[in-house]
Amino acid sequence: MSQAWLEQVKWNADGLVAAIAQDVHSGKVLMMAWMNAEALQLTVQEGRAIYWSRSRNKLWRKGEDSGHVQKLHDIRLDCDGDCLLLQVEQLGGVACHTGREHCFYFQWQDAQWVPVEPVRKDPKDIYG
């Protein structure tokens, strides 16, 4: 396969691009993570979300520890070429490492960030 499609992505100075995971059924935004070229290639090849973990400095197959895999249904590149949208099926119903359905659970209320989404699974039960 030609690599031309990867060259259309505008990678940042660190060789990364933002990737937003969206639930294919509900349209809810689940999370944002980073991908490098290898992660994007593997995501396409394996049909599951694979990101680049900046904190671990390595590839991160979503769900490799938790079992909460993101099965890829569609992938889009935005008009500027600097952001990906992955439409995924979130297996296990939990995308966030905090045990929540998605990562956007803080809401701005009365001049502070308040957690408004319930924990679905205790992270200790997910990660040990």
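Residue numbers run from 1 in the order of the sequence given.
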Spatial distance of atom CD (E7) from atom NZ (K10) [nearest 0.5 Å] |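 Separation between the atoms: 14.0 Å.
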So how far is it from Q87 CD to I20 CD1, rounded to the nearest 0.5 Å?
->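 Between atom CD of Q87 and atom CD1 of I20 there are 11.5 Å.
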Flag side-chain contact, heavy atom, 4.5 Å: V29 against F104 |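 The answer is yes; the side chains approach within 4.5 Å.
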Cluster link W52 to V44, ILVMFWY, side chain under 4.5 Å =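 As far as the 4.5 Å side-chain criterion goes, V44 and W52 are not connected within one cluster.
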Q90 side chain near H102 side chain, heavy-atom distance below 4.5 Å |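 Answer no - side chains too far apart.
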Please report the shortest heavy-atom distance between A95 and Q70, naming the atom on each side.
->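 Closest approach of A95 to Q70: CB-NE2, 4.1 Å.
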Indicate, with yes or no, if V88 and I75 share a hydrophobic cluster defined by side-chain heavy-atom contacts under 4.5 Å among Ile, Leu, Val, Met, Phe, Trp and Tyr.
->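 Yes, same cluster.
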Nearest heavy-atom neighbours spanning W11 and L6 |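 That would be NE1-O, 3.2 Å.
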Indicate the atoms forming the closest heavy-atom contact of F106 with P115, along with that distance.
->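 Here F106 and P115 meet closest at CD2-N, 3.7 Å.
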Rounded distance (nearest 0.5 Å) linking atom CG of L84 with atom CE of M32 |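 Here the interatomic distance stands at 10.0 Å.
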With distance as the sole test, does R100 use its side chain to make a donor-acceptor pair with the main-chain N or O of V94 at under 3.5 Å?
->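 No; judged by distance alone, with no hydrogens or angles, the pair does not exist.
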Charged N-O contact under 4.0 Å between R120 and E101 =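 Between E101 and R120 there is a salt bridge, with a charged N closer than 4.0 Å to a carboxylate O.
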Beyond-backbone contact of W34 with N12, side-chain heavy atoms, under 4.5 angstrom =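 The answer is yes; the side chains approach within 4.5 Å.
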Could you check if a side-chain atom of V119 sits within less than 4.5 angstrom of a side-chain atom of T98, using non-hydrogen atoms only?
->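 V119 does not reach T98 side chain to side chain.
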Answer yes or no: is there a side-chain heavy-atom contact under 4.5 Å between W5 and L77?
->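 No. Closest side-chain heavy atoms not under 4.5 Å.
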Look at the side chain of N36 and the backbone N and O of L40, then say whether any donor-acceptor pair between them is shorter than 3.5 Å.
->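 Such a contact is absent between N36 side chain and L40 backbone.
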Do K121 and S66 come close enough that some side-chain heavy atom pair is under 4.5 Å?
->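 They are not in side-chain contact.
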When the ring centroid of W108 is compared with that of W113, is the distance short of 6.0 Å?
->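 Yes: the rings meet the under 6.0 Å criterion.
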Distance-only polar pair, side chains of Q107 and E117, donor-acceptor under 3.5 Å |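 Side-chain D/A pair, Q107 to E117: absent.
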Sub-3.5 Å donor-acceptor pair from the side chain of D78 to the main-chain atoms of C83, do we have one?
->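 Pair found, side chain donor or acceptor close to backbone of C83.
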What is the distance from atom CG of L42 to atom CD1 of I50, rounded to the nearest 0.5 Å?
->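 Going from the CG atom of L42 to the CD1 atom of I50 covers 4.5 Å.
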Is the NE2 atom of H97 crowded by more than 12 outside heavy atoms at less than 6.0 Å?
->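 Not more than 12 within 6.0 Å, no.
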Measure the acute angle between the ring planes of Y51 and W60, then classify it against the limits of 30° and 60° as parallel, tilted or perpendicular.
->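 If you compare the ring of Y51 with that of W60, the planes turn out tilted.
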Validation row: L86, M35 side chains within 4.5 angstrom (heavy atoms) |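 Answer yes - side chains close enough.
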Note, S53 side chain near L59 side chain (heavy atom, < 4.5 Å) |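 A side-chain contact is absent here, since even the closest heavy-atom pair is not under 4.5 Å.
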Say you draw a straight line from CG of D82 to CG of L16; how long is it, rounded to the nearest 0.5 Å?
->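 Atom-to-atom, D82:CG and L16:CG are 12.5 Å apart.
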Are the charged groups of D74 and R76 less than 4.0 angstrom apart, N to O?
->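 Yes.
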How long is the gap from CG on L91 to NZ on K62, to the nearest 0.5 Å?
->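 That separation rounds to 11.0 Å.
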